[in-house]
Enquirer: 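Sharing a structure below in structure tokens format, with a few things to ask.
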Amino acid sequence: MFWLPVLVLILVAILLALWPLLRGRGPVDPLDQAVAFYQARKVELERQHAAGQIGDADFEAAMAEQGRHLLALGRGRGQVSGDVAARRRRKIAALAMLVLVPGITLAVYLRIGQPGLPDLPLASRAVTPQNMDVASALQRIEQHLARNPEDGRGYEVVAPVYLRAGRFADAAFAYRKVIALLGPTAQRHADLGEALVAEKDGIVTAEAREAFEKAVALEPGFAKARFYLALLLEQDGNRPAAIEKLTALAAELGTGPGRMRVEAEIARMRTEPGGPAGGPASEAGQSIAALPEAERQAAIRSMVDQLDARLSGSGGTIGEWQRLIRARLVLDEPDKAREALGRARVALAGEPDSLKILEQLAGEIPGKAP
Amino acid sequence: MIVELGHFALILGFAVALFQATIPLWGAIRGDAVLARLGAQAALVHFALLALAFAALTHAYLVSDFSVLNVFQNSHSLKPLIYKWSGVWGNHEGSMLLWVLILALFGAGVAVFSKRLPDDMLGATLGVQGLIASAFCAFLIFASNPFLRMPNPPIEGRDLNPVLQDPGLAIHPPLLYLGYVGFSIVFSFAAAALVLGRVDAAFARMIRPWTLAAWITLTLGIAMGSYWAYYELGWGGYWFWDPVENASLMPWLTGTALLHSAIVLEKREALKTWTILLAVVTFSLSLLGTFLVRSGVLTSVHAFAVDPERGLFILLILIAFIGGSFALFAARASALQGGGLFAPISREGALVFNNLFLSVASLAVFVGTLYPLLLEALTGAKISVGPPFFNLTAVPLMVPLFLAIPFGQKLAWKRGDLLGAGQRLWTCMALGVAGAAISAYAAGGGPVLALAGIGLGIFLVLGALDDLLDRALRGGIGMIGARLRAIPQSITAMALAHAGAGLMVIGISATAFETEKIAAMKPGETMALDGYTLRLEGIGPVTGPNYNAIAAEFSLRDAAGTELARLRPAKRVYIGRQMPTSEVGRYRHGLSEIYLAIGETSDGQHVDLRAYHKPYVLLIWLGPLLMSIGGILSLFDRRLRIGVPARRARLRPEPAE
């Protein structure tokens, strides 16, 4: 189906382009039109003269000028070339159009074109089930929200999706709409704060703090808000207070991912030398992040080795062991990870909860089981 | 299938352009009229094929076909319809397709209006146009192809830059391109004339409509770009001597010179080589301008390194056409016959004066724009040539030029009488000085240069209109009506265009008298601005279709306390790209404006306001608009124009038509 219109296109183009050759026309003196131009100027001068726009003397001078041009043109007039050469040229022209033009076109198109690929207009795509992934579902909701900007429930649905997709600013915007439309709750304010923190790469901004404080004001015990407010304390340089708050929080929480997260932070704060909040936000972290790739790997490895030595020597918490094993995995050293796991099992033998966590970790290590 | 057909049509158009570039040119050189005429047919077919390709791409944008890489990168299914249209040329590949389409449009135009062209001139011209078209089609197909596909496309596109989502910018690029590319056909005519060795009045007559058409659209395009910068960027400026702006100003300056020298060529057969050179230079500058902007060289010299293939391609095309045409000029210019003679004080002399100053001004802009780039490319040193450089070079060059315009209009062809011309202009000059004095009195003084500028502008406007008056009065009071009707359209056109230049000078000079006030305001507070009072009524959020905004509402009252308008300047943030843009609030009275822009409002309790009162600011764009109207009038005056020489014996000089 594709090649038929292509064929028609080529044929029409060639036919139109060669039309004058098919009609044929005798040789024309190229100066004919030039002579006609100066004749026309003479007529125009006569018209202006007759209309009284130019005086007699001016008219004569201008007419004389046109005459001189006509004489000059006459001298340049040559013979129009003969028939035989002309016929040969026309054959070449026709051949170029008939052979070279389609030839070049097809050669280029077949190299870079995709003749088999049909159009894919958006309207024809949304209905097919294989396209109904998260992205298109999200797009549907967005379209719905664009038409119904007052639908708070809709925003509440998309906000976490945005957060997971890494579209933090959109998530924050959606949570704001939720609060404005459905009213404030501790959960919604804390979620907004979380999105704002994520947007700023883990920094708790003034705006985020305001959100968390509103959440705590609505529900004093709200864990997520208290967690981030504690991180804010550390960020402001008061690490002991942060650890104290987090410890209190951990004590209130039942076992589960929430508590693990809190304990991991406490562990990080206890072990990490100086500096504010974790990761590249710390001064040391930032200087490491600025290093070239190879040096950065080396610097990270030496930090991990230090941690390893300390834990082997004086022991540590489950959080610290976890960090070590994860770090080994990130550095692509599964053997060392496995070995660290073994030592952790020995060191933490008396703590059943910790052993459970270690068993989970063991599943993450690739290769043969220890 | 539509997409692939469009792609195929583009490549077929390229092949036809190759045909157009060779066969008709060959025919023209051999004096074979039939072969030369094939150029017209090929140009029409080439245009039709490119139009098909452009329509296919536009269709892909309208139906959001994200299997086309270009559509995915620059469109979004929720974008308003007008920006789906304008999105086609809101990106590199699409705008290059538009560029080539306009190139083809001008070729087709020549083909359609070719009845009165000599066959060999038609063949050679369209041959050269075909060469340009082939080069750019090749660039488009091999280095910037808008029809590349993705087999498994995402469900949503990446949207168009929000700054470009503005109706002004939807039509600004096509207008500018019409101007830039329009000079290509003038260039082709010039190259053809060089090849065939025939430059005469008939040649000037041939290029007149094309030069005018290109000049009109370029003038409108630049004016619209300037107006857009004024209301969209929120700084109230109208010209920044930004390299992108300079890139369009350079061909405009030489194009204006070309327009005038072509008049001398048509009427008096003088300035032959100069006119040809200007045609070559103008299109070269257009090419340079297009690619300085398109290749990203202007924002950073290193953009060439980012995409070496594209950069090299552009460079080769530039070298081939600019170098080739100058070589052709050097080889053939001496073969052209000398033209008519004229005295220094004459209409011709005045136009040479005009050409000289316009060309030097263009050179000044050229140096100021390219020297920093060259320096950075060679030594890595970054220097900035800002407005001070241009204000000291290009601007002073324009002053004698503007001063000379009314005199030039009054001089006769071949030999003129400066004193005689001056006598009538004394009145205009006196009125200009009086106007400057009145402005000084009204504004309570002011910068001398700005006052001189206002005087100059008034002189220009009156001088231009005086020419019409002069002609109307020539037959006595009773004949005014008849004489006015008898004035050729081209004379009216000239008067309007020159008056437009005068209006623009007044508008630019008047910016020295603007008032600027900056304040942090809370709701309920007021600010006095040149006899007006602004009161901040409130600050609040506004939700647009694809943006959120913080808007401030001001009420504007005059001295008597009557409310004149409510102005709502705003800061918008586009959701898709998280980009802030500013919306200004404007109130027009007469030709002046009150202009409000607000800064960030972090707390919602107060706004940082910049308020301007800009007297006669609209003249800056009305002037160029009037110039274009003059150009359009002249375009539709299809008569032959013959400059009747003034005879030595004449005492009363009188420029005749």
Side-chain angles (χ1 to χ4, degrees), chain A residues 1-2 5-6 9-10 13 16-17 19-21 24-25 27-28 30-31 33-34 37 40-41 44-45 48 53-54 57-58 61-62 65 69 80-81 86 89-90 93 96-97 100-101 104-105 108-109 112-115 117-123 125 131 135-136 139 143 146 149 169-170 173, chain B residues 1-5 7-9 11-12 14-16 18-19 22-23 26-27 30-35 37-38 41-42 44-45 49 60 63-67 77-78 116-120 141 145 149 151 153-156 200-202 205 486 543 545 575 578 639-640 642 644-645 647 656-657:
Chain A
M1 254 332 277
F2 172 68
V6 163
L9 203 61
I10 294 181
L16 284 178
W19 186 244
L21 281 190
R25 206 177 109 183
V28 185
L31 289 181
Q33 283 112 329
F37 174 76
R41 273 165 77 102
E44 168 71 17
L45 277 173
Q48 288 184 12
Q53 287 169 346
I54 38 179
D58 284 345
E65 272 189 357
H69 286 304
V80 180
S81 59
R89 282 195 294 266
R90 268 156 233 184
M97 187 41 98
L100 286 182
V101 167
I104 292 173
T105 309
V108 173
Y109 180 74
I112 61 175
Q114 306 223 16
L117 204 59
D119 288 352
L120 265 179
L122 195 64
R125 295 172 64 194
N131 281 321
S136 60
Q139 195 214 344
Q143 275 175 1
D170 289 330
F173 176 78
Chain B
M1 197 179 72
I2 295 174
V3 176
E4 289 303 313
L5 264 185
H7 196 180
F8 190 85
I11 296 170
L12 187 56
F14 165 59
V16 171
L18 286 175
F19 177 84
T22 44
I23 301 294
W26 185 40
R30 287 297 167 88
D32 188 329
V34 176
L35 237 51
R37 282 269 153 197
L38 280 181
Q41 218 63 22
L44 289 171
V45 173
L49 287 169
V63 301
S64 296
D65 186 341
F66 296 124
S67 72
S77 60
L78 292 181
R116 297 172 72 176
L117 286 184
D119 296 320
D120 57 345
I141 292 167
N145 198 323
R149 307 288 297 273
I155 199 82
E156 189 51 274
D200 53 15
R205 177 69 189 80
T543 308
I575 301 162
Q578 291 290 320
R639 291 175 314 113
L640 295 166
I642 309 145
V644 176
R647 306 207 107 187
E657 175 46 20

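Order of the sequence lines sets the chain letters (A, B, ...), proteins ahead of strands, with each chain counted from 1. Atoms considered below: every heavy atom in the structure, side chains included; atoms not considered: hydrogens, waters and symmetry mates. Being a predicted model, the structure only gives us computed values, none of them experimental.
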Enquirer: Could you look at B:V45 and say if it's the side chain, the backbone, both or neither that has a heavy atom under 4.5 Å from chain A?
Expert: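 Looking at B:V45, just its side chain touches chain A.
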
Enquirer: So which of B:V16, B:T22, B:L117 has the biggest tally of heavy-atom pairs under 4.5 Å with chain A?
Expert: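 Ranked by contacts with chain A, first place is B:L117.
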
Enquirer: At a heavy-atom distance under 4.5 Å, which candidate from A:V6, A:I104, A:L100 has the highest pair count against chain B?
Expert: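 The candidate making the most pairs under 4.5 Å is A:V6.
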
Enquirer: Are the side chains of A:I112 and B:I11 in touch, meaning some heavy atoms are under 4.5 Å apart?
Expert: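 In contact.
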
Enquirer: Where do B:V63 and A:D119 land on the side chain to side chain contact (heavy atoms under 4.5 Å, CB included) test, with the steps shown first?
Expert: CA-CA 10 Å; B:V63 301; A:D119 288 352; over 6 Å; no

Enquirer: A side-chain contact here means heavy atoms from C-beta on lying under 4.5 Å apart; do B:L5 and A:F2 qualify?
Expert: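 Yes, close enough: below the 4.5 Å cut-off.
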
Enquirer: Between B:A60 and chain A, with a heavy-atom cut-off of 4.5 Å, which part of the residue counts as in contact: side chain, backbone, both or neither?
Expert: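 Neither the backbone nor the side chain of B:A60 comes within 4.5 Å of chain A.
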
Enquirer: Would you check if the side chain of B:E4 reaches a backbone N or O of A:Q114 as a donor-acceptor pair within less than 3.5 Å?
Expert: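 Flag set: sc B:E4 to bb A:Q114 pair under 3.5 Å.
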
Enquirer: Report the C-alpha separation of B:F66 and A:L122 in whole Å, then their side-chain angles, then the decisive distance to 0.1 Å, and conclude whether the side chain to side chain contact (heavy atoms under 4.5 Å, CB included) test is met.
Expert: CA-CA 7 Å; B:F66 296 124; A:L122 195 64; 4.0 Å; yes

Enquirer: Please step through side chain to side chain contact (heavy atoms under 4.5 Å, CB included) for the pair A:L9 and B:L49, ending with a clear verdict.
Expert: CA-CA 9 Å; A:L9 203 61; B:L49 287 169; 4.1 Å; yes

Enquirer: Please report the shortest heavy-atom distance between A:R41 and B:A201, naming the atom on each side.
Expert: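 Taking every non-hydrogen atom into account, NH1-CB, 3.6 Å.
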
Enquirer: Mind checking whether B:V34 and A:R89 have side chains closer than 4.5 Å, heavy atoms only?
Expert: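 Counting from C-beta outward, B:V34 and A:R89 never come under 4.5 Å.
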
Enquirer: What part of B:F19 lies closer than 4.5 angstrom to a heavy atom of chain A: side chain, backbone, both or neither?
Expert: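 Looking at B:F19, just its side chain touches chain A.
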
Enquirer: Given that the side chain runs from C-beta out, which part of B:I23 has a heavy atom under 4.5 Å from chain A: side chain, backbone, both or neither?
Expert: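 Answer is side chain: those atoms of B:I23 sit under 4.5 Å from chain A.
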
Enquirer: Do you know the tightest heavy-atom contact between A:L16 and B:Q41?
Expert: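 Closest pair (atom of A:L16, atom of B:Q41, distance): O-CG, 2.6 Å.
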
Enquirer: What part of B:L44 is in contact with chain A, defined as an atom under 4.5 angstrom from a non-hydrogen atom: side chain, backbone, both or neither?
Expert: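 Nothing of B:L44, per the 4.5 Å heavy-atom cut-off to chain A.
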
